[in-house]
Amino acid sequence: SQSVFGQETSNFKIENRDLVWQFIFETDLSQEELKQELSTKGIWESFEKVGDDLIGICSGMDADFKGAGYNGMSVPIYVARKSINFHSLIQFKDGRYRVTISNIKLIQKYDDGLTKQGVVWALSEVAVNKNGSFRKGFLKSPSEIYNYTFMNSLEIQQDEDTEEW
């Protein structure tokens, strides 16, 4: 198994020529509370508990390039014109949860001059070169945008103060 890290903040790695995103979030929530909060995010097509872990399949998420500080003209077309599907594994330890995203697929949102609506690509096709390392183009805006999208979609915002009103 070969693991190569891109940028320090990208949270992407390559495992057996497949692209994986992984991050550990801190939390004060119990596993059950966390499962409830995650299930209300509305990003999973299916979401279930298997042993102590949660497994989910996400379908139709858009890359939040605007939130990451980019516009549609400044990002590769595979970022702007494709939605994201992926598998997620969420594991728990006291005070934290680790999210591993794998099987990341890009789905063409609409017909254009290059691609028909519904065509599926593995993100690894544009992120990993034939030598099994990151493509330089992916380490620029795409990895930053996908990292931003996954972080914002999977982090549970906890109320700092629950004052009565």
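Because only heavy atoms are used, hydrogens play no part in the values below, and waters and symmetry mates are left out as well, while side chains stay in.
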**Student:** Indicate the atoms forming the closest heavy-atom contact of V128 with R135, along with that distance.
**Tutor:**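 Reported closest heavy-atom pair: O-NE, 3.3 Å.
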
**Student:** What closest approach, in Å, do H87 and N103 show between heavy atoms, and which atom pair accounts for it?
**Tutor:**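 Taking H87 first and N103 second, the nearest heavy atoms are CE1-ND2, 3.0 Å.
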
**Student:** Can any side-chain N or O of T149 pair as donor or acceptor with the backbone N or O of I145 at less than 3.5 Å?
**Tutor:**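 Yes, because the side chain of T149 sits within donor-acceptor range (under 3.5 Å) of the backbone of I145.
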
**Student:** State whether the side chain of S74 and the backbone N or O of N71 hold a donor-acceptor pair below 3.5 Å, judged by distance alone.
**Tutor:**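 Yes: the side chain of S74 pairs with the backbone of N71.
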
**Student:** List the residues meeting side-chain contact (heavy atoms from CB on, under 4.5 Å) with R98, not counting sequence neighbours, and say none if there are none.
**Tutor:**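 If we apply the side-chain contact (heavy atoms from CB on, under 4.5 Å) test to R98, skipping adjacent residues, the hits are Q22, I24, Q91, T100.
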
**Student:** For S30, give me all partners under side-chain contact (heavy atoms from CB on, under 4.5 Å), at least two apart in sequence or on another chain.
**Tutor:**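 In terms of side-chain contact (heavy atoms from CB on, under 4.5 Å), with neighbours along the sequence ignored, S30 is linked to E32, E33.
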
**Student:** Could you pull out the closest heavy-atom pair between D52 and Q31, with the gap in Å?
**Tutor:**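 Distance-wise, the nearest heavy atoms are O-NE2, 2.6 Å.
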
**Student:** Identify the two heavy atoms, one from W44 and one from I90, that lie closest to each other, and give their separation to 0.1 Å.
**Tutor:**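 Looking at all heavy atoms of both residues, the shortest contact is CZ2-CD1, 4.1 Å.
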
**Student:** Hydrophobic clustering (ILVMFWY, side-chain heavy atoms < 4.5 Å, transitive) - are I104 and I77 grouped together?
**Tutor:**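 No.
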
**Student:** Provide the closest heavy-atom pair for I14 versus G132 in the form atom of the first, atom of the second, distance.
**Tutor:**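 For I14 versus G132, the nearest heavy atoms are CD1-O, 3.5 Å.
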
**Student:** Counting C-beta onward and ignoring hydrogens, is there a side-chain heavy-atom pair between C58 and S88 closer than 4.5 Å?
**Tutor:**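 No; the side chains remain at least 4.5 Å from each other.
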
**Student:** Could you tell me whether the side chain of L106 reaches within less than 4.5 Å of the side chain of V120, counting heavy atoms only?
**Tutor:**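 A side-chain contact under 4.5 Å is absent here.
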
**Student:** If you take all heavy atoms of P142 and Y78, which pair is closest and at what distance?
**Tutor:**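 The pair with the smallest heavy-atom distance is CG-OH, 3.2 Å.
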
**Student:** According to side-chain contact (heavy atoms from CB on, under 4.5 Å), who are the partners of D18, at least two apart in sequence or on a separate chain?
**Tutor:**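 side-chain contact (heavy atoms from CB on, under 4.5 Å) list for D18, sorted by chain: S124.
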
**Student:** State, with a plain yes or no, whether a side-chain heavy atom of L89 is found less than 4.5 Å away from one of V99.
**Tutor:**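 No, side chains not in contact.
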
**Student:** Using a 3.5 Å distance criterion without hydrogens, assess whether the side chain of R17 forms a donor-acceptor pair with backbone atoms of K130.
**Tutor:**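 Side chain of R17 to backbone of K130, a donor-acceptor pair under 3.5 Å: yes, one is there.
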
**Student:** How long is the gap from CG on L19 to NZ on K13, to the nearest 0.5 Å?
**Tutor:**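 Nearest 0.5 Å value for the CG-NZ distance: 11.0 Å.
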
**Student:** Measure the shortest side-chain to side-chain distance between V20 and I101 over non-hydrogen atoms and say whether it is less than 4.5 angstrom.
**Tutor:**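 No - every pair of side-chain heavy atoms lies 4.5 Å or more apart.
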
**Student:** Report the residues that fulfil side-chain contact (heavy atoms from CB on, under 4.5 Å) with N152, sequence neighbours left out, ordered by chain and then residue number.
**Tutor:**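 Result, side-chain contact (heavy atoms from CB on, under 4.5 Å) vs N152: Y148.
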
**Student:** Report yes or no: does N85 contribute a side-chain atom to a donor-acceptor pair with the main-chain N or O of K105 at less than 3.5 Å?
**Tutor:**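 No; zero donor-acceptor contacts below 3.5 Å.
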
**Student:** Atom CD of Q117 and atom CD of Q108: how far apart are they, to the nearest 0.5 Å?
**Tutor:**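 Nearest 0.5 Å value for the CD-CD distance: 8.0 Å.
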
**Student:** How long is the straight-line distance from OG of S59 back to CD1 of I107, given to the nearest 0.5 Å?
**Tutor:**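 Reported to 0.5 Å precision, the distance equals 7.5 Å.
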
**Student:** Is L123 close to F86 at the side-chain level, that is, under 4.5 Å between some pair of heavy atoms?
**Tutor:**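 Not in contact.
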
**Student:** With salt bridge (Lys or Arg N to Asp or Glu O under 4.0 Å) as the test, would you mind laying out the steps for E37 and K35 before giving the verdict?
**Tutor:** CA-CA 6 Å; E37 289 293 322; K35 178 183 178 188; over 6 Å; no

**Student:** Does a side-chain heavy-atom distance below 4.5 Å link F92 with L54?
**Tutor:**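 Touching, per the 4.5 Å side-chain cut-off.
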
**Student:** ring-ring contact (aromatic ring centres under 6.0 Å, His included) between F12 and F134: does it pass, once the steps are laid out?
**Tutor:** CA-CA 10 Å; F12 283 98; F134 285 109; 7.1 Å; no

**Student:** Between S133 and N129, does any side-chain donor sit less than 3.5 Å from a side-chain acceptor?
**Tutor:**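 Short answer, yes.
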
**Student:** Is there a continuous path of hydrophobic side-chain contacts, each under 4.5 Å between heavy atoms, that joins L154 to L29?
**Tutor:**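 Yes; L29 is reachable from L154 via cluster members.
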
**Student:** Give every donor-acceptor pair under 3.5 Å between a side-chain atom in residues 61-68 and any protein atom, sequence neighbours left out.
**Tutor:**
unit_1 : atom_1 : unit_2 : atom_2 : d
D62    : OD1    : K109   : NZ     : 3.2
D64    : OD1    : G67    : N      : 2.8

**Student:** Among residues at least two apart in sequence or on other chains, which ones pass ring-ring contact (aromatic ring centres under 6.0 Å, His included) with F25?
**Tutor:**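 With sequence neighbours excluded, F25 shows a ring-ring contact (aromatic ring centres under 6.0 Å, His included) to F23, Y97, given in chain and number order.
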
**Student:** Counting neighbours of CH2 on W121 that are heavy atoms of other residues, nucleotides or ligands and sit closer than 6.0 Å, is the number greater than 12?
**Tutor:**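 Not buried by this count: 12 neighbours or fewer within 6.0 Å.
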
**Student:** Taking S143 for its side chain and F138 for its backbone only, find out whether a donor-acceptor pair lies under 3.5 Å.
**Tutor:**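 A pair under 3.5 Å: yes.
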
**Student:** Does N11 reach the side chain of F150, with side-chain heavy atoms less than 4.5 Å apart?
**Tutor:**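 Side chain of N11 against side chain of F150, heavy atoms only: no contact under 4.5 Å found.
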
